[in-house]
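Quick notes on the structure that follows.
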Amino acid sequence: MRLSSIVIFALAAVVLAGSANTVQAQVKIGVVDLQRAINETEDGRQAKRRLKKVFDERQKSLDEKQKALKAQKESLERQQDVLSEDALRKKAEKFQAEVMELQNEYMQYQQELSAKESELTQKILEKMQTILRRIGQTDGYTLIIEANEGGVVWVPNNLDLTDVLIQRYNKQAKQGGGSAPK
């Protein structure tokens, strides 16, 4: 009886192993790097250029204000021995208030840039998701994972759909199905 139990167990293991291989063969997983896809599509490049223009304008303004504050600090340091303690304190408080204002302005600019980036890329991402759904359905993928969000460390080239996504997105955009948001 013991031998028959071992034989039955061995047969069950072989059957299960065969079933697992069948199931595994039916599962098809793809991976896509959406950030790279955005950076390499024409709409994504246009969005990045617009964002850079906004960033450069804001950075120029911040740099000018920072330069003025630096000059103000140097002036305050030179006047330390000349001004009364009360006048020096008032100027130092004014300087600190302006530094805080500049820091708040910087944080506000960062939030605005982040919101603008989301605005510019949201429509692109929506179009990419539609393309990826089509790829998944027509090419028989069980699952498509975003490489950066899914913790993917490595994937063979045949499972990386990023280049296919970029090509199909650009082709669709050229045919009038896409344009970067204004």
Side-chain angles (χ1 to χ4, degrees), residues 29-80 89-136 141 143-157 159-182:
I29 298 174
V31 176
V32 65
D33 183 342
L34 289 175
Q35 191 60 51
R36 182 170 76 90
I38 289 172
N39 290 336
E40 294 184 20
T41 59
E42 188 53 40
D43 287 350
R45 287 187 196 114
Q46 287 177 16
K48 294 293 180 185
R49 282 192 294 269
R50 286 189 193 107
L51 192 61
K52 184 175 178 353
K53 183 179 178 186
V54 170
F55 173 81
D56 289 346
E57 290 169 1
R58 299 295 168 96
Q59 190 62 48
K60 183 179 177 184
S61 171
L62 288 172
D63 289 346
E64 289 171 3
K65 291 178 181 181
Q66 188 174 17
K67 189 176 181 180
L69 281 174
K70 184 178 178 184
Q72 186 178 351
K73 180 182 179 188
E74 290 169 356
S75 172
L76 189 61
E77 288 171 350
R78 284 192 306 269
Q79 295 175 355
Q80 242 176 346
R89 182 183 49 77
K90 285 181 183 178
K91 284 193 173 211
E93 287 174 357
K94 181 182 180 221
F95 174 76
Q96 284 299 323
E98 290 177 11
V99 167
M100 290 297 292
E101 184 179 318
L102 181 62
Q103 288 175 342
N104 289 336
E105 190 173 338
Y106 173 78
M107 288 174 35
Q108 181 183 354
Y109 283 169
Q110 290 297 331
Q111 291 171 348
E112 287 176 16
L113 284 171
S114 179
K116 185 72 171 171
E117 181 177 29
S118 292
E119 173 191 325
L120 291 173
T121 58
Q122 186 60 37
K123 289 182 181 180
I124 296 170
L125 284 171
E126 288 171 4
K127 291 175 184 176
M128 287 182 172
Q129 287 174 348
T130 300
I131 292 168
L132 286 169
R133 272 190 222 97
R134 269 191 244 125
I135 291 171
Y141 283 91
L143 178 69
I144 298 176
I145 299 171
E146 205 293 320
N148 298 312
E149 300 291 324
V152 175
V153 178
W154 177 84
V155 65
N157 289 338
L159 298 179
D160 187 346
L161 302 174
T162 308
D163 291 333
V164 173
L165 173 62
I166 293 167
Q167 291 166 359
R168 291 191 187 180
Y169 185 96
N170 284 335
K171 182 179 177 182
Q172 181 178 320
K174 283 180 184 175
Q175 294 172 347
S179 63
K182 307 278 186 225

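- Here the closest heavy-atom approach between residue Lys127 and residue Tyr169 is recorded as CB-CE1, 3.6 Å.
- No salt bridge links Lys67 with Glu64; every basic N to acidic carboxylate O contact stays at or beyond 4.0 Å.
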Inset, instruction - Show the numbers, then the answer: is there a side-chain hydrogen bond (donor to acceptor under 3.5 Å, both in side chains) between Asp163 and Gln167? - result: CA-CA 6 Å; Asp163 291 333; Gln167 291 166 359; over 6 Å; no
Legend entry - From CA spacing to verdict: side chain to side chain contact (heavy atoms under 4.5 Å, CB included), Arg49, Lys52: CA-CA 5 Å; Arg49 282 192 294 269; Lys52 184 175 178 353; 5.7 Å; no
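- Considering only residues two or more places apart in sequence or on other chains, Glu77 meets the side chain to side chain donor-acceptor pair (under 3.5 Å) condition with none of them.
- Residue pairs meeting the salt bridge (charged side-chain N to carboxylate O under 4.0 Å, His left out) criterion with at least one partner in residues 90-110, sequence neighbours excluded, are Lys65-Glu105, Asp86-Lys90, Arg89-Glu93, Lys94-Glu98.
- The side-chain heavy atoms of Val54 and Leu113, taken from C-beta on, include a pair separated by under 4.5 Å.
- With rounding to the nearest 0.5 Å, the separation of CD in Glu146 from CG in Leu161 is 11.5 Å.
- Counting heavy atoms of neighbouring residues, nucleotides and ligands inside a 6.0 Å radius, atom OH of Tyr106 does not exceed 12 of them.
- Note that CZ of Arg36 and OG1 of Thr162 are 4.5 Å apart. Values are rounded to the nearest 0.5 Å.
- How far CD of Gln96 is from CG of Leu69: 9.5 Å, rounded to the nearest 0.5 Å.
- With hydrogens and angles disregarded, a donor-acceptor distance shorter than 3.5 Å links the side chain of Asn170 to the backbone of Glu42.
- Side-chain contact between Ile29 and Val155: absent, with no pair of heavy atoms (C-beta onward) separated by less than 4.5 Å.
- For the side-chain contact (heavy atoms from CB on, under 4.5 Å) criterion with Phe55, the lone passing option out of Arg58, Lys53, Glu57, Gln59 is Gln59.
- Once rounded to the nearest 0.5 Å, the distance linking CG of Leu132 with CZ of Arg168 reads 9.5 Å.
- The CG atom of Asp56 lies 12.5 Å from the OG atom of Ser61; values are rounded to the nearest 0.5 Å.
- Here the side chain of Glu117 pairs no donor or acceptor atom with the backbone of Leu51 at under 3.5 angstrom.
- Within the 4.5 Å cutoff, the side chain of Asp63 has no heavy atoms near those of the Lys60 side chain.
- Counted within 6.0 Å of CG on Asn157, heavy atoms from surrounding residues, nucleotides or ligands total 12 or fewer; the atom is thus considered open.
- Taking all atoms of both residues into account, the shortest heavy-atom contact from Ala147 to Val31 is CB-CG1, 3.5 Å.
- Within a 6.0 Å radius of CD in Glu112, more than 12 heavy atoms belonging to other residues, nucleotides or ligands are found.
- With rounding to the nearest 0.5 angstrom, the CG atom of Leu120 is 11.0 Å from the CG atom of Leu125.
- In plain terms, the two heavy atoms of Tyr141 and Ile135 that are nearest each other are CD1-O, 3.9 Å.
- Inspection of the Thr41 and Asp43 side chains reveals no N or O donor paired with an N or O acceptor under 3.5 Å.
- Looking at heavy atoms from C-beta onward, Gln35 lies in side-chain contact with Asn39 at the 4.5 angstrom threshold.
- The backbone N or O of Gln110 lies less than 3.5 Å from no partner atom in the side chain of Ser114, so there is not a single donor-acceptor pair.
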